[in-house]
There are 2 protein chains.
Amino acid sequence: MKLNTTSQYAIRIVTFIVQNGANNKYTAKDISEKLSIPYKYMTKIMTLLVDGGIISSSRGREGGYSIEKELAIIKIGDILEAVKENLHQEKCVIGNGSCNKREKCILHDKWITAKKAMQEIFENTTLEDMIIR
Amino acid sequence: MKLNTTSQYAIRIVTFIVQNGANNKYTAKDISEKLSIPYKYMTKIMTLLVDGGIISSSRGREGGYSIEKELAIIKIGDILEAVKENLHQEKCVIGNGSCNKREKCILHDKWITAKKAMQEIFENTTLEDMIIR
DNA sequence: TTCAAACACTACTTAAAGGTAGAATTTAAA
DNA sequence: TTTAAATTCTACCTTTAAGTAGTGTTTGAA
């Protein structure tokens, strides 16, 4: 039970920027070094976050990454969505094809409950929550 | 958020045996066909379950797999342990090295709560629970 | 005592996730 | 207007999970 590496990095990157001043600019080199994330792998993730509207980038000399949106409106779930983590996995836990409300697998109800708890974390935690600690 | 394929298959296999009579014998061919799990992949998983003491096997003609233990004492968690699913992952959700009780990452507390809920499912559901449905 | 039907073992192949390399593009300062 | 510092694009390499192949071993019935 874990988030994949890309998702983990994505959250750490965004958290790093938010905690050090969202409107400041951070270069890929800087972020990569501070968070010990492989440079090339990181820039790949950055592109996803930029495309997803989480982070804004400026190219060229004096370029870098920052966060422009109102912090409060960006949720952890948005970050995960940007890097394609499948949050709303509807498939049966044990891969049982015919698992639905009518004909449930043995873990269905319990699993759904726990899964909802996870999803709520991602839906209810915003970037703003990351500053206060 | 999901169990890996091996774990999913393992639970489905054990569930299948339990629901069709735990003390009966089931051949690999039979199980593989009924559950649409690739034969060779399945037998590999079976070996893990046998080694883990979940399932007992007998070789040769008239051989097969069955469950001898008291159903009530075998938990889903035991099955997952047998196939090496890492249930008690202690690492930080976002891969933050220095995440512990003293210096927590921003998701720590919430995550732990949700994770505990998942773990409890696996610890508190026994094979016996699988028969009643 | 043979032999077919079963599980078990070792090694390989394929697909997906994680990670790397290098060149192209953009931009602002000198 | 050149150049260095930055992001972006495309393609590749590596590692791990998923799945396959073939052979060996065991066992009970004919």
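So that the names make sense, note that chain A is the first sequence line, chain B the second, and so on, each numbered from 1.
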Please confirm whether the backbone N or O of A:Glu120 pairs with a side-chain atom of A:Asn124, one donor and one acceptor, at under 3.5 Å? yes
Whole-Å distance separating the CD1 atom of B:Ile55 from the P atom of C:dC7: 11 Å
Return the NZ to NZ distance between B:Lys2 and A:Lys2, rounded to the nearest 0.5 Å. 9.0 Å
A:Phe16 vs A:Tyr26 aromatic rings, parallel, tilted or perpendicular, using cut-offs 30° and 60°? perpendicular
Taking only heavy atoms on the protein side, list every residue of residues 5-18 of chain B lying under 4.0 Å from any atom of DNA chain D, sorted numerically. B:Thr5, B:Thr6, B:Tyr9
If hydrophobic clusters are built by linking Ile, Leu, Val, Met, Phe, Trp and Tyr wherever their side-chain heavy atoms come under 4.5 Å apart, do B:Leu71 and B:Ile79 end up in the same one? yes
What is the distance, to the nearest angstrom, from the OH atom on A:Tyr39 to the P atom on D:dT8? 10 Å
Phosphate contact (C:dA8 OP1 or OP2) by B:Tyr65 side-chain N/O below 4.0 Å: yes
Which value, rounded to the nearest 0.5 Å, describes the distance between B:Cys99 atom SG and B:Glu90 atom CD? 10.5 Å
Round to a whole Å and report the spacing from CG of B:Asp51 to C1' of C:dC7. 12 Å
Does the plane of the ring in A:Tyr41 sit parallel, tilted or perpendicular to the ring in A:Tyr9? Use 30° and 60° as the thresholds. perpendicular
Output the rounded distance in Å from OH (A:Tyr41) to P (D:dC13). 19 Å
Kindly point out which of C:dG19, D:dT20, C:dA8 is positioned nearest to the side chain of B:Thr47? C:dA8
Check: B:Lys40 side chain, D:dG22 base, donor-acceptor under 3.5 Å: yes
Enumerate the protein-to-nucleotides 3-5 of chain C contacts in which both atoms are nitrogen or oxygen and the separation is below 3.5 Å.
none

Starting at NZ of B:Lys44 and ending at P of C:dA11, how long is that distance when rounded to a whole Å? 13 Å
Do B:Thr125 and B:Lys75 have a side chain donor and acceptor closer than 3.5 Å? no
Using five base pairs at each end, measure the axis-to-axis angle across the helix from C:dT1-D:dA30 to C:dA30-D:dT1 and round it to 10 degrees. 10°
Which of the following nucleotides, D:dA18, C:dT20, C:dA8, is nearest to the side chain of A:Pro38? C:dT20
Is the phosphate of D:dT7, meaning OP1 or OP2, less than 4.0 Å from a side-chain N or O of A:Ser58? no
CG of A:Asn96 to CD1 of A:Ile106, rounded to nearest 0.5 Å, is 9.0 Å
Same hydrophobic cluster for A:Ile54 and A:Ile131, using side-chain heavy-atom links shorter than 4.5 Å among ILVMFWY? yes
First locate atom CD1 of A:Ile76, then atom CD of A:Glu81, and finally report the distance between them rounded to the nearest 0.5 Å. 13.0 Å
What integer distance in Å separates B:Lys25:NZ from D:dT27:P? 11 Å
How close or far is atom P of D:dT8 from atom CG of A:Leu48, stated in whole angstroms? 11 Å
Please state how far atom CE in B:Met46 lies from atom P in C:dA8, giving the value in whole angstrom units. 9 Å
Run the salt-bridge test on A:Lys29 and A:Glu33 with the 4.0 Å N-O cut-off and return the result as yes or no. yes
For A:Glu85 and A:Asn4, which I'm curious about, is there any donor-acceptor pair between the side chains at under 3.5 Å? yes
